[in-house]
Amino acid sequence: ELENNWWDSSENLYNTYFNSSGAYGKNEGETFLLWFDALKNPVRRDKTLHHLFEKDWNIENTSYFPLIMYQNGYWDKAYNYMMYLTNPQTPRHDYPEVSYGVIKGFVQGLMGIDPDARYNRLSTIYRNGSDVSSTMQDVPVLHTTVNLTHFNKKASTILNTGNKTISWRPMFSGGFKFIYINGKPLQARHDKNSTGGIISYTDVTVNAGQKVSAKTQ
């Protein structure tokens, strides 16, 4: 229904509302089509993304952009939106949604922290095109706490500072043969991200108090 009835091929955009007069129209709802991962057509998804960052939106709508852009491969755009949202000169930057949007952009977007309680597993991936490191400390997740550092796109370290053992899935962008866990090579497994890019990963147990490093070459 979404692809057949809501896509406007004349404008290459999705309609975002249907009014009481039986007419389709467009407003800010594109953001939520992406936020809830409703768009499975990669060409239409990319057109929707371009439409978002080609216009100026209100601060509420823009607060969703960092995570959306990180998850869809526009890492530089995502970072720029976070800088815009946290700039004291940005009108209404202290609006409540902004802080949540920036935190989600940094934690889930840039640092790629993705817990899955079904498997007691924490996945991570660094979405940064620059060769710089980023660190988060005392992150509460899966009934423990962790410190996570991404040194660059090919090296990460996790420290389980809590009391519960977890499974860590370090993921890296690209098709690598091995992932080195504390220097020991493990056969990498592979998957695709939301934009079709290859992801390499492995799973490793991280006990309470244990520090584990993962890297590729």
Side-chain angles (χ1 to χ4, degrees), residues 13-14 16 26-39 45-116 122-142 144-162 168-173 193-195 197 199:
L13 293 173
Y14 287 96
T16 57
K26 298 175 181 62
N27 210 316
E28 298 173 359
E30 288 174 309
T31 300
F32 299 101
L33 294 175
L34 292 159
W35 185 260
F36 292 108
D37 195 25
L39 305 184
R45 182 178 61 228
D46 205 51
K47 289 183 181 296
T48 302
L49 284 159
H50 277 268
H51 184 238
L52 289 184
F53 56 67
E54 287 171 357
K55 288 184 60 177
D56 292 328
W57 304 89
N58 63 32
I59 201 71
E60 295 92 336
N61 207 46
T62 307
S63 67
Y64 292 86
F65 288 6
L67 181 59
I68 287 173
M69 298 305 169
Y70 271 125
Q71 290 179 331
N72 286 278
Y74 291 97
W75 298 352
D76 291 341
K77 291 283 187 184
Y79 181 81
N80 290 339
Y81 278 121
M82 288 206 294
M83 293 299 98
Y84 170 76
L85 290 167
T86 55
N87 188 336
Q89 303 303 314
T90 299
R92 300 175 65 238
H93 76 280
D94 56 350
Y95 189 79
E97 278 187 77
V98 172
S99 58
Y100 290 97
V102 171
I103 290 170
K104 286 182 76 70
F106 188 83
V107 176
Q108 294 178 262
L110 176 68
M111 301 297 284
I113 292 177
D114 184 16
D116 191 332
L122 177 63
S123 300
T124 64
I125 188 168
Y126 195 30
R127 299 184 177 104
N128 193 337
S130 302
D131 192 19
V132 298
S133 63
S134 299
T135 297
M136 293 197 70
Q137 294 185 324
D138 301 319
V139 181
V141 62
L142 298 174
T144 191
T145 54
V146 300
N147 295 348
L148 174 68
T149 297
H150 294 303
F151 294 97
N152 50 46
K153 291 185 291 183
K154 294 185 178 182
S156 300
T157 295
I158 195 168
L159 170 63
N160 187 347
T161 57
W168 180 36
R169 175 171 287 183
M171 302 189 300
F172 300 93
S173 298
N193 61 23
S194 61
T195 61
I199 296 293

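What you are looking at is a predicted structure, and each value in this text was computed from that prediction instead of being measured. In this chain, residues are counted from 1 in sequence order.
In this structure, the side chains of H150 and L110 stay at 4.5 Å or more apart for every pair of heavy atoms. D37 has its side chain out of reach of S194: every pair of non-hydrogen atoms, C-beta onward, lies at least 4.5 Å apart. Under the 4.5 Å side-chain criterion, counting only non-hydrogen atoms from C-beta, S156 is not in contact with T149.
Under the rule for a side-chain hydrogen bond (donor to acceptor under 3.5 Å, both in side chains), the partners of S134 that lie at least two apart in sequence or sit in another chain are Y126. With sequence neighbours left out, the side-chain contact (heavy atoms from CB on, under 4.5 Å) criterion links N27 to T16, Y17. Residues forming a side-chain contact (heavy atoms from CB on, under 4.5 Å) with D138 (at least two apart in sequence, or on another chain): N147, T161. N152 pairs by the side-chain hydrogen bond (donor to acceptor under 3.5 Å, both in side chains) definition with nothing, not counting sequence neighbours. By the salt bridge (Lys or Arg N to Asp or Glu O under 4.0 Å) test, R45 is found to be paired with no residue, residues two or more places apart in sequence or in another chain being considered. Residues forming a salt bridge (Lys or Arg N to Asp or Glu O under 4.0 Å) with D76 (at least two apart in sequence, or on another chain): none. Under the side-chain hydrogen bond (donor to acceptor under 3.5 Å, both in side chains) criterion, T157 pairs with no residue at all, not counting sequence neighbours. With sequence neighbours left out, M136 forms a side-chain contact (heavy atoms from CB on, under 4.5 Å) with F106, V107, M111, I113, V139. The side-chain contact (heavy atoms from CB on, under 4.5 Å) test applied to T144 returns V146, N160, K164, I166, not counting sequence neighbours.
To the nearest 0.5 Å, atom CH2 of residue W168 and atom CG of residue L148 are 7.0 Å apart.
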Quiz: residues 46-53 side-chain donor-acceptor pairs under 3.5 angstrom, not counting sequence neighbours:
unit_1, atom_1, unit_2, atom_2, d
D46, OD1, Y74, OH, 2.6
D46, OD2, Y74, OH, 3.3
T48, OG1, R44, O, 2.8
H50, NE2, Y74, OH, 3.0
H51, ND1, E30, OE1, 2.6
H51, ND1, E30, OE2, 3.2

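Among residues at least two apart or in separate chains, side chain to side chain donor-acceptor pair (under 3.5 Å) pairs with a member in residues 96-114 are Y64-E97, K104-Q108. Identified under the side chain to side chain donor-acceptor pair (under 3.5 Å) test for residues 78-93, with sequence neighbours left out: E60-R92.
In summary, the side chains of N58 and E28 do present a donor paired with an acceptor at a separation below 3.5 Å, with no hydrogens or angles considered.
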